[in-house]
Amino acid sequence: MTLPLDPSQRPTPVAPARPAMGWWRRHRVLRNWLGGVASAVVVSVISGVALAYLTPSADTPGGTPPTSAAADELPFSLDVLSRGDYCKAYVVNADPGELSSPHRVMDPESRLPPADDEVAEWMQRVEAIPSEGRILLTLQGSTSKTVVLQDLTIEVVERGPAIEATRLYYPDSGCGANESPRLFKVGLDDANPRPVPVPGTDAAGKEIPAVSFPFSVSESDPEIFVITAEPGRCDCTWRLRLRWTSAGRSGTLVIDDHGRPFRTAAVVDTNARKYVAHSLKGCPGGLAWCEEGA
């Protein structure tokens, strides 16, 4: 027979001992913070991989082509003057009696040819198309740091057939009389047109040897380049691309004609009448243009 235990003699229940809490479990705040950081890193990595896969590059179809830096970010200044080559004809869709003079101020008695910038302005005003292009580039560094001009390339935008001209205009004379410090020639009708250096002429009339890119410019050391563009048998629109580096920066500058491509056209002049500016020979009645040989 088992006797009931005296309540005073019953053993007191003992709670089971908890296992010792580790260092990681004790630092709940730190644990939560690190968990958030890890999540953010994973999201960033996944996003970066997705963008790299989905964003087209400049070398793939649909990618962004090379663009030039904004003018105020370039480490050099550039002045562009576009005109036709000397003694070459221009095509203008206008009658000679209606066409303005290539001079800013017309003086019927003057026999001085128009200046380069006057011809350039006249071209823009009357939309004249030169039968041979002449692009004058003046570059100067903005600081004492050297800017290396790595390469100059040609982009032909479009080629069309030669223009069958009915009237051709000659605003000046003096073929080859002006200085050409760095002279390059381009055949726009070539399969892969590129600027080819040719000997130039300095202000004293001395020959400057043909020199290829690269060149360098700085604030105290500018360069002047003349590019003559021969159309061959095409009516061509085209641009220049100048690749440069300076002080760890680099870029490609697109050079064009006031935001649109340059245009140079071959002409078929079999039935064309030719007109010269008043300053070349003097035109009767104070006209700006008169027919050659008349």
Side-chain angles (χ1 to χ4, degrees), residues 77-138 140 163 165-185 198 200-208 222 224-231 256-258 260 262-269 271-294:
S77 62
L78 169 66
D79 182 73
V80 182
L81 189 147
S82 171
R83 57 154 295 160
D85 208 0
Y86 304 113
C87 289
K88 301 299 182 180
Y90 294 76
V91 178
V92 186
N93 186 23
D95 292 327
E98 301 171 348
L99 187 61
S100 63
S101 168
H103 295 262
R104 291 193 189 96
V105 179
M106 177 179 167
D107 179 2
E109 304 301 322
S110 174
R111 297 296 174 264
L112 295 175
D116 282 344
D117 57 344
E118 289 183 302
V119 175
E121 291 174 7
W122 172 78
M123 279 180 57
Q124 293 289 326
R125 188 168 65 248
V126 303
E127 298 183 349
I129 304 168
S131 60
E132 187 169 312
R134 183 179 180 88
I135 313 300
L136 180 70
L137 307 178
T138 305
Q140 184 172 14
I163 297 175
T166 58
R167 293 177 294 267
L168 293 174
Y169 294 92
Y170 296 81
D172 54 15
S173 60
C175 304
N178 287 35
E179 66 176 293
S180 303
R182 302 289 187 192
L183 184 60
F184 294 83
K185 288 191 175 183
V198 295
T201 308
D202 65 15
K206 296 181 180 179
E207 182 177 288
I208 299 175
I224 299 175
F225 301 96
V226 175
I227 295 93
T228 60
E230 300 172 347
D256 54 24
D257 189 10
H258 300 83
R260 61 183 181 182
F262 301 112
R263 184 178 180 185
T264 309
V267 296
V268 178
D269 61 356
N271 300 314
R273 300 178 69 173
K274 300 176 182 180
Y275 298 87
V276 295
H278 59 89
S279 54
L280 269 67
K281 57 177 291 185
C283 296
L287 294 175
W289 301 89
C290 47
E291 192 163 4
E292 187 179 50

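Heads up: numbering here begins at 1 and tracks the sequence.
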Measure across [X] and [Y] and return the closest heavy-atom pair with its distance rounded to 0.1 Å.
X      : Y      : answer
Glu291 : Lys281 : O-NZ, 3.7 Å
Thr264 : Gly133 : CG2-N, 3.4 Å
Ala165 : Ala272 : O-CB, 3.4 Å
Leu99  : Val92  : CD1-CG1, 3.7 Å
His278 : Pro108 : ND1-CA, 4.3 Å
Cys290 : Gly282 : SG-O, 3.9 Å

With a 4.5 Å limit on heavy-atom distance, are the side chains of [X] and [Y] in contact?
X      : Y      : value
Asp257 : Gln124 : yes
Thr228 : Lys88  : no
Arg83  : Leu136 : no
Val126 : Ser100 : yes

How many angstroms lie between atom [atom1] of [X] and atom [atom2] of [Y], to the nearest 0.5 angstrom?
X      : Y      : atom1 : atom2 : value
Leu112 : Leu280 : CG    : CG    : 11.0 Å
Arg273 : Arg167 : CZ    : CZ    : 9.0 Å
Ile227 : Lys185 : CD1   : NZ    : 13.0 Å
Arg263 : Ser82  : CZ    : OG    : 12.5 Å
Trp122 : Glu127 : CH2   : CD    : 12.0 Å
Ile135 : Leu81  : CD1   : CG    : 8.0 Å

field: Partners meeting ring-ring contact (aromatic ring centres under 6.0 Å, His included) with Tyr169 (sequence neighbours left out)
entry: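 Listed in chain order: Tyr275, Trp289.
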
- request: Not counting sequence neighbours, which residues clear ring-ring contact (aromatic ring centres under 6.0 Å, His included) with Phe225? List them please.
  value: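 Here the qualifying residues are Phe213, Phe215.
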
query: Less than 4.0 Å between a side-chain N and a carboxylate O, is that true for Asp117 and Arg104?
result: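 Answer for the salt bridge query: yes.
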
message: Tell me if the CG atom of Asn271 is crowded by more than 12 foreign heavy atoms within 6.0 Å.
response: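 12 or below, so no.
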
- prompt: Quick check: are there more than 12 heavy atoms from other residues, nucleotides or ligands sitting under 6.0 Å from CZ of Arg260?
  reply: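 Atom CZ in Arg260 is not packed in, count stays at 12 or less.
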
- request: Please assess Val80 against Phe262 for the test side chain to side chain contact (heavy atoms under 4.5 Å, CB included), listing each intermediate value before the final yes or no.
  value: CA-CA 11 Å; Val80 182; Phe262 301 112; 4.3 Å; yes

message: Whether the side chain of Ser131 engages the backbone of Val267 through a donor-acceptor N/O pair (distance < 3.5 Å, no angle test) should be reported.
response: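 Not a single qualifying donor-acceptor pair exists.
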
field: side-chain contact (heavy atoms from CB on, under 4.5 Å) partners of Lys274, counting only residues at least two apart
entry: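 For Lys274, the residues satisfying side-chain contact (heavy atoms from CB on, under 4.5 Å) (neighbours in sequence not counted) are Leu168, Tyr170, Asp269, Glu292.
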
Exercise: do Asp79 and Gln140 side chains pair donor with acceptor under 3.5 Å: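 No.
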
